[in-house]
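Every chain is numbered from 1, with letters handed out A, B, ... down the list of sequences.
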There are 2 protein chains.
Amino acid sequence: MNEIANRNPTLDDVAALASVSTATVSRYLNNPKVVASATGERIREAIAQTGYIPNLLAGGLASQKSKMVAVLIPHLTDSIFNDTIQTMAEELASAGTTVMMGLTGVTQEQTDQLILAAMGRRVDAIISTAPMGPQTRDLIERFPGLFIQIWELPEDPPQLAVGFSHRDVGRDVARFLQSRGYRRPLVVTADGLRARMRSEGFLEEWQALGGGNVPELWVEVPSRFGHARRIFAEMRRMAELPDVVVCGSDHLAQGVIVEAQAAGLRVPDQLAVMGFGNAQIAGDMRPTITTVDIDGARIAREAIAAIRQHSAGGKLLVNKVDVGFRLIARESA
Amino acid sequence: MNEIANRNPTLDDVAALASVSTATVSRYLNNPKVVASATGERIREAIAQTGYIPNLLAGGLASQKSKMVAVLIPHLTDSIFNDTIQTMAEELASAGTTVMMGLTGVTQEQTDQLILAAMGRRVDAIISTAPMGPQTRDLIERFPGLFIQIWELPEDPPQLAVGFSHRDVGRDVARFLQSRGYRRPLVVTADGLRARMRSEGFLEEWQALGGGNVPELWVEVPSRFGHARRIFAEMRRMAELPDVVVCGSDHLAQGVIVEAQAAGLRVPDQLAVMGFGNAQIAGDMRPTITTVDIDGARIAREAIAAIRQHSAGGKLLVNKVDVGFRLIARESA
DNA sequence: CTGAAAGCGCTTACAG
DNA sequence: CTGAAAGCGCTTACAG
């Protein structure tokens, strides 16, 4: 009666073959220890014979947990998140959790769309790098899972934020550059919330330390290598040339170095350059790039730890995790 | 009787509120035209009032199609796939399909694990950049959805491959460099199947054209900027210096240019450099990088077109789509 | 154009 | 340690 011909074998097929109930097979799959070892052996064989692959859609529906986590990032080119996502994907996958990836772009609309999609799949958690508008906040309100904002540390996160203070980064960079003797910084700011926070922090602290007015140039978010050409050209047209360019990413910093060198300027002697993010290339560039290191992998691990705790029914102890940052002085500034 | 208190509203809640059957609400959601407009209006209101978000797990189980597609890539740092994935994620998301992302690393085991996970979620398609071992092939055999290999064009793809001939890329690069008058190439090959194919193609053609022996240096896959330092150092120790370095990626090429310049060599006059992939930076570097352009977005679109056709019940007309490639001559070689 | 009802393939109290 | 059975929240022939 059981024609397992051209369809996927089901739990029933396995159960029948192993002469046990579906409940027992299900238990074996989810918690092998609770079934007698002899029974388990028969089930294992039946699974191998049928080539059974559990239907996680059905499992998720029945158990009310999908074992999926949504990860929302703006673009794939914004490589600053790479370590975070890489770590996330690896650790989750090895725990049997699936990563649903969403590219939010820069619009609020896309973000909300993706959150809706994630909620529709009943994901256990949403991890998002996207700044939150009021609309999004309303959505999150209705999300029964865990919502984690990463790479950010807002005043009052809806549930949990894992990140660092972008403003403090800016402040530290200002102090660092002043202490190194730089006097005429040019700040290149990407047109995004976080980059702006860093710039604000920088400008604030720079003034507080008695520095003069600081010119600012803008680029699209994310700061890319390719922006350097225009930035450098605009810089050259400035009345007074800066002695250091503060960039929104290591790739932009790299671009500025390349432009400067092509123009015959020695870096850092004639023009210093500061990056952000501590990308792989920062340490490999010539000159090596002075930058701010963010432990993206740690952000991922903290987020995952929170998810596990939440899934186990535990309450969150905090609503913010500050992973901090580290200024890395290298050759370029 | 209907306490919609602390649980997610369901189709039943919406149906009750709109005084229709669940079937009608379901139809309205999936194909609005088939319900009377007055009815549709009531349903729309009920949805808004309840804040209903369809459970896609249940929907997928009932309809036997998950509206999910798995995308498998080795690493996130292997930015050569960025355009493909970006396009894929955007186009699929706007069609209501979710992207499940899998990082396969370089081991066969990880890949198989992820394919299993994808099958468990009953994804409609698996799109993979991973080279396939025999194990994987067996798995694919049992996959009822569409399996698409991308960035590759094997002899006999299990179902569909969208890519280009890596060997031909190598051959074309050889012809191009010979025609430009280069005589002593150094080939830097990444330790991966596709990069090797390109190198083989290069070496074959180079010999066929009467070129001499070609030294080869190896790097880990993927070819990165950071590999340049070691490669350049090893190159300098060679008895005869090459006149052109053929790199496995634009980032590696960029690194070699930086190293060369730091050592006081003019590029391309004293050392030419050739990249691969036409990354964004290739056109922005100084000197701009001569490379091979692959239309990653097109690979994504062809794959998606195939998925749509397959989902609509159509048969695939071909088992290979060759998107070709384009050599872009710039300044570096 | 709409409804009643079966079914998708699991999980999980509840009993024993 | 195991089984019978209800239920998760949808979709979709089948009728009308």
Side-chain angles (χ1 to χ4, degrees), chain A residues 2 4 7-43 46-47 50-68 96 119-124 144 311 313, chain B residues 2 4 7-43 46-47 50-68 96 119-124 144 311 313:
Chain A
N2 252 332
I4 320 187
R7 58 182 187 73
N8 278 317
T10 68
L11 204 60
D12 284 288
D13 299 323
V14 175
L17 198 63
S19 309
V20 292
S21 72
T22 59
T24 299
V25 180
S26 175
R27 285 190 203 101
Y28 172 77
L29 256 17
N30 296 309
N31 192 2
K33 312 170 230 284
V34 305
V35 322
S37 65
T39 314
E41 186 50 45
R42 289 212 314 281
I43 296 175
I47 289 174
T50 52
Y52 172 65
I53 299 176
N55 184 329
L56 268 26
L57 256 30
L61 177 60
S63 70
Q64 306 279 49
K65 55 188 74 153
S66 64
K67 289 189 168 201
M68 285 219 289
M119 289 174 71
R121 305 247 172 232
R122 301 298 188 264
V123 298
D124 299 325
S311 297
Chain B
N2 252 332
I4 320 188
R7 58 183 185 75
N8 279 317
T10 67
L11 204 59
D12 284 288
D13 299 323
V14 175
L17 198 63
S19 309
V20 293
S21 71
T22 58
T24 300
V25 179
S26 176
R27 286 189 202 102
Y28 172 78
L29 256 18
N30 295 311
N31 191 4
K33 311 171 232 282
V34 306
V35 322
S37 66
T39 313
E41 186 51 43
R42 290 213 312 283
I43 295 175
I47 289 174
T50 51
Y52 172 65
I53 299 175
N55 184 327
L56 269 27
L57 255 32
L61 177 60
S63 69
Q64 305 278 50
K65 54 188 73 153
S66 64
K67 290 188 166 202
M68 285 221 288
M119 290 176 69
R121 304 244 173 234
R122 300 301 188 259
V123 299
D124 299 325
S311 296

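- Under the side chain to side chain donor-acceptor pair (under 3.5 Å) criterion, no residue pair touches residues 57-67 of chain A, with sequence neighbours excluded.
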Worksheet item: In dot-bracket, 5' to 3', how would DNA chain D read with Watson-Crick or G-U wobble pairs under 3.5 Å, [ ] for crossing ones and | for pairs to another strand?
Response: |||.||||||||.|||
Worksheet item: Could you run down nucleotides 9-16 of chain C 5' to 3' and tag each one B, S or - for protein heavy-atom contact under 4.0 Å?
Response: BBBBB---
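- The two residues R27(A) and V34(A) make their nearest non-hydrogen contact at CB-CG2, 3.9 Å.
- The distance from the OG1 atom of T50(B) to the CG atom of N8(B) is 10.5 Å, given to the nearest 0.5 Å.
- Of the possible donor and acceptor atoms, none in the side chain of T39(B) sits under 3.5 Å from a partner among the backbone N and O of V35(B).
- Partners of L61(B) by side chain to side chain contact (heavy atoms under 4.5 Å, CB included), not counting sequence neighbours, listed by chain and number: N55(A), A58(A), L61(A).
- Under the side chain to side chain contact (heavy atoms under 4.5 Å, CB included) criterion, E41(A) pairs with R44(A), E45(A), not counting sequence neighbours.
- Smallest separation of non-hydrogen atoms from R122(A) and I53(B): NH2-O, 3.0 Å.
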Let me check something: any side-chain donor-acceptor pairs from residues 14-24 of chain B under 3.5 Å, sequence neighbours excluded? List them with distances.
from: S21(B); atom 1: OG; to: A23(B); atom 2: N; distance (Å): 3.4
from: S21(B); atom 1: OG; to: T24(B); atom 2: N; distance (Å): 3.3
from: S21(B); atom 1: OG; to: T24(B); atom 2: OG1; distance (Å): 3.3

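- Rounded to the nearest Å, the gap between the P atom of dC14(D) and that of dC10(D) is 24 Å.
- Here, dA5(D) and dC1(D) have their P atoms 24 Å apart, quoted to the whole Å.
- Remark: P of dT2(C) and NZ of K33(B) are 16 Å apart, rounded to the nearest angstrom.
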